[in-house]
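I have a structure here, written as structure tokens, and I will follow up with some questions on it.
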Amino acid sequence: METTGTQYLPSDYLPILIQFAAALGFVIFALVVTHLLGPKRKSEVKGASWESGVESVGDARTPISYKYFITAILFVLFDIEIIFMYPWAVNFREFGLEGFLPMMLFLGVILAGFFYEIKKGILK
């Protein structure tokens with residue numbers, strides 16, 4: 001039976017399944033071996049909570065300002081913007097006007113959101 005470019009047989013996926021099984025087997029093997037061979041010394045000092053070498057004081061569930069989270073989300077948003085712009089910039093000449101106008105629309109929406117953030121004072 002001849003295969004064309006669009007027909008795949010189950011045997012075509014065998015190398016992928018073997019690689020997946022080998023990776024999964026290695027992970028399981030590494031976890032089991034480190035658990036069996038690793039040290040098992042437990043003490044009150046070793047089990048204590050420490051952060052940056054300073055003993056923890058107070059409740060871990062203290063409220064944190066929402067501005068911290070908003071700033072982190074904005075950072076991720078503008079990182080994603082750059083991820084979309086890089087391939088566009090590399091292929092700018094091939095896209096021509098048909099690629100330029102959608103990118104200007106995209107940048108306009110992003111800049112509108114950025115000016116809204118500045119107006120609301122989120123970045124202060």
Side-chain angles (χ1 to χ4, degrees):
M1 172 179 186
E2 279 188 40
T3 60
T4 63
T6 58
Q7 292 178 336
Y8 293 105
L9 298 174
S11 63
D12 293 337
Y13 296 103
L14 187 60
I16 296 171
L17 293 175
I18 291 172
Q19 186 174 8
F20 181 74
L24 186 64
F26 176 74
V27 169
I28 292 171
F29 172 76
L31 287 173
V32 169
V33 168
T34 55
H35 179 72
L36 295 176
L37 297 178
K40 296 171 181 60
R41 292 175 281 223
K42 295 182 181 180
S43 68
E44 189 174 318
V45 173
K46 195 170 187 176
S49 299
W50 290 79
E51 183 173 334
S52 302
V54 179
E55 189 172 348
S56 298
V57 177
D59 187 13
R61 290 173 179 41
T62 56
I64 298 174
S65 174
Y66 72 93
K67 289 184 179 186
Y68 171 79
F69 298 106
I70 295 294
T71 304
I73 290 170
L74 292 175
F75 177 75
V76 169
L77 175 75
F78 287 109
D79 274 358
I80 298 299
E81 174 188 357
I82 297 301
I83 289 171
F84 282 123
M85 286 182 66
Y86 184 75
W88 173 80
V90 169
N91 297 310
F92 176 71
R93 291 179 194 235
E94 289 84 20
F95 290 150
L97 191 61
E98 291 176 5
F100 181 72
L101 295 177
M103 182 53 74
M104 290 302 108
L105 178 67
F106 175 72
L107 289 175
V109 171
I110 294 293
L111 284 175
F114 183 66
F115 288 132
Y116 177 77
E117 295 162 11
I118 290 174
K119 181 182 173 190
K120 286 292 189 177
I122 292 174
L123 299 176
K124 290 184 181 179

For residues F26 and V33: do they belong to one hydrophobic cluster (side chain heavy atoms under 4.5 Å, members Ile, Leu, Val, Met, Phe, Trp, Tyr)?
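No; V33 is not reachable from F26 via cluster members.
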OH-OH distance between Y8 and Y13, expressed to the nearest 0.5 angstrom:
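Spacing of OH (Y8) from OH (Y13) equals 6.5 Å.
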Tell me, do D12 and L9 make a side-chain contact under 4.5 Å, heavy atoms counted?
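Yes. Closest side-chain heavy atoms under 4.5 Å.
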Taking atom CD1 of I73 and atom OH of Y68, what is their separation to the nearest 0.5 Å?
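The OH atom of Y68 is 11.0 Å from CD1 of I73, to the nearest 0.5 Å.
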Greater than 12 external heavy atoms within 6.0 Å of Q19's CD:
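Result for CD/Q19: open.
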Any idea which heavy atoms bring K40 and G38 closest together, and the distance?
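Shortest heavy-atom separation between K40 and G38 comes out as NZ-O, 3.2 Å.
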Without placing hydrogens or testing angles, list every side-chain donor-acceptor pair under 3.5 Å for residues 100-119, not counting sequence neighbours.
none

Starting at CZ of F78, measure out to CD1 of I83 and round the result to the nearest 0.5 Å.
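The distance works out to 13.5 Å.
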Between Y86 and L77, is there a shared hydrophobic cluster once you connect ILVMFWY residues whose side-chain heavy atoms come closer than 4.5 Å?
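No; tracing contacts between hydrophobic side chains, which count when under 4.5 Å, never links both residues.
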Kindly work out whether a path of hydrophobic side-chain contacts (I/L/V/M/F/W/Y, heavy atoms less than 4.5 Å apart) joins L24 to V32.
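L24 clusters together with V32.
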